[in-house]
2 protein chains.
Amino acid sequence: MNSEVSVTVDVVIFALRDDDLQVLLVRRQHPPFEGLWAMPGGYVKPQESLEDAAARVLYDETSVRDVHIEQLYTFGEINRDPRGRVVTITYFALVPAPLVLDTSETRDAAWKSMYNLPTMAFDHHYILDYALKRLRYKLEYTAVGFQLLPPEFTLTKLQHAYETILGISLDKRNFRRRILQAGVIEETGRRTGGEGRPAMLYCFREDAVSEVKTRRLFP
Amino acid sequence: MNSEVSVTVDVVIFALRDDDLQVLLVRRQHPPFEGLWAMPGGYVKPQESLEDAAARVLYDETSVRDVHIEQLYTFGEINRDPRGRVVTITYFALVPAPLVLDTSETRDAAWKSMYNLPTMAFDHHYILDYALKRLRYKLEYTAVGFQLLPPEFTLTKLQHAYETILGISLDKRNFRRRILQAGVIEETGRRTGGEGRPAMLYCFREDAVSEVKTRRLFP
DNA sequence: CCAAAAGTGTTGAAACTACACCCATGG
DNA sequence: CCATGGGTGTAGTTTCAACACTTTTGG
């Protein structure tokens, strides 16, 4: 009954740092691909669901939990791992900016820019490309960008997040009109202090489904 | 290294029969869920990729190959199979109408309407619902409907296919305008005979990517 | 000539893009 | 009072939905 196929989960952990879209990678300590970078991952335990396994991997790397995690794709080519047959269910996680600790750089884990990736182990480069495509796609249609921001944020911050992820610049007025019209965020009443004119702080609307399929948000 | 987790693939095999969207199901001969219906599936062999496994399952059930197959989602809840921990990578396949043989009803396999499903084993009802959602979604944005039709088809047939799958009726003129404008099909020059005025036969354009993301094709 | 199905255009409404200036606050 | 970032409106264009009649063939 056992199919001699190992099952792992790998997690693409996204965060916005310094106006850059970054992923958390670990440097491999052992062959194969020793010294190269890889997505955090691990075997699925018999007593945990796939999503639990992904959450565990995320928590082990970042001490973060209860963030947006979503299944990406399952990879199972025969020779993707030279040690044997491994099927990997990949997830992507969106870690809100304030929870991104500088991940005690002890255990060879580091944030790397999605736009300047190091050489990756296995087929992980391919998987990351796919994850970026999916993130961009979801951003355009479903308004999931909040998940990378603090609970309260300004529209300008939100726009920057979108621009960073999509790799294009957006028109301020059109962006605001559309994102508000989509009805997924609302004013908190609070405002920022500091430089320049104070900005309204917005938050994600709890009663809005995060997966609303809006008409394309951006050009 | 072996994780004590079994890996299977299950395939949602879609076809259009009698102006109805149907799936090929098999009746279970043994416990658990003996006598209930299930999606065709099987263990992934160590020497085949996931997609190969899905193609094999499809071929075993239908003697059809080289059709559109696409990964759907991976299910791995702990108790979805009472016999043990099973992770299932699900695929969906679109079988063009003329290849749908009446599947020698010998081995307890049968086509069932998606709109009137029997009681299903495991979590298969849920999976089928998900597959339908995905198929509809893809249809709206990516023009994959051809895969369920013969190589040459009339616009009316194509429209019927869309209507059957989406469960709504569409305006003839708007449908034609949009589907042609999307540029994924072209005239063959041939026409139908038979009842009424002959209709132009169209075919899928080989040089068009089937996955073109068009602006929403339908309302 | 009649039944059956194919084919075709227009109009009003809504959505989209592009674009430039004034506003509120802190120092 | 000035530097900094926040905030707002419109016009021209494109896209969209709704809708009914004429054409071609076979029997």
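Under the side-chain hydrogen bond (donor to acceptor under 3.5 Å, both in side chains) criterion, A:Thr156 pairs with A:Arg176, sequence neighbours left out. Judged as a side-chain contact (heavy atoms from CB on, under 4.5 Å), and not counting sequence neighbours, the contacts of B:Glu152 are B:Thr188, B:Arg190, B:Leu201. The side-chain contact (heavy atoms from CB on, under 4.5 Å) search around A:Pro150 returns A:Ala97, A:Pro98, not counting sequence neighbours. Checked against side-chain hydrogen bond (donor to acceptor under 3.5 Å, both in side chains), B:Arg173 has no partners two or more places apart in sequence or in another chain. Remark: B:Ser113 engages B:Asp20 in a side-chain hydrogen bond (donor to acceptor under 3.5 Å, both in side chains) (not counting sequence neighbours). Partners of A:Arg197 under the salt bridge (Lys or Arg N to Asp or Glu O under 4.0 Å) rule, at least two apart in sequence or in another chain, do not exist in this structure. Remark: A:Ala161 engages A:Leu16, A:Leu149 in a side-chain contact (heavy atoms from CB on, under 4.5 Å) (not counting sequence neighbours). When the side-chain contact (heavy atoms from CB on, under 4.5 Å) test is applied to A:Gln181, the partners found at least two apart in sequence or on another chain are A:Arg177. Applying the side-chain hydrogen bond (donor to acceptor under 3.5 Å, both in side chains) criterion to A:Arg136, with sequence neighbours excluded, gives A:Tyr115.
Per the geometry, NZ belonging to A:Lys172 stands 11 Å off C1' belonging to C:dC22, to the nearest Å. The interatomic distance linking A:Arg176 (CZ) with C:dA18 (C1') rounds to 17 Å, in whole Å. Across the protein-nucleic acid pair, A:Arg178 atom CZ and C:dA14 atom C1' stand 14 Å apart, rounded to whole Å. Following rounding to the nearest Å, A:Leu170 (CG) and C:dA18 (C1') show an atom-to-atom distance of 14 Å. The CZ-P distance, from A:Phe175 to D:dG6, rounds to 12 Å in whole Å. B:Leu155 places its CG atom 9 Å from the P atom of C:dT8, with the value rounded to the nearest Å. Straight-line distance from the CD atom of B:Gln181 to the C1' atom of C:dT8: 15 Å, rounded to whole Å. When rounded to the nearest whole Å, the span between CG of A:Leu158 and P of D:dG7 equals 12 Å.
At C:dA6, one or more side-chain N or O atoms of B:Thr156 fall inside 4.0 Å of OP1 or OP2 (strictly under the cut-off).
By the neighbour-count criterion of 12 heavy atoms within 6.0 Å, atom NZ of B:Lys112 is densely surrounded, having more than that number from other residues, nucleotides or ligands.
At a cut-off of 3.5 angstrom, counting only N and O atoms as typed in the model, there is no donor on one side facing an acceptor on the other between the side-chain of A:Arg197 and the base of D:dT4.
Partner B:Leu58 forms a side chain to side chain contact (heavy atoms under 4.5 Å, CB included) with one of B:Leu24, B:Ile69, B:Val9 and no other, that one being B:Ile69.
Between the axis at the start and the axis at the end of the helix from C:dC1-D:dG27 to C:dG27-D:dC1 there is an angle of 10°, using five pairs per end and rounding to 10 degrees.
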Per-nucleotide protein contact string for nucleotides 9-14 of chain D, where B marks a base within reach and S marks sugar-phosphate only (heavy atoms under 4.0 Å, - for neither): BB----
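Residue-to-nucleotide proximity on DNA chain D shows that, of B:Pro198 and A:Tyr202, the 5′-proximal contact is made by A:Tyr202.
Residues of residues 187-196 of chain B having a heavy atom closer than 4.0 Å to DNA chain D, listed by number: B:Gly194, B:Gly196.
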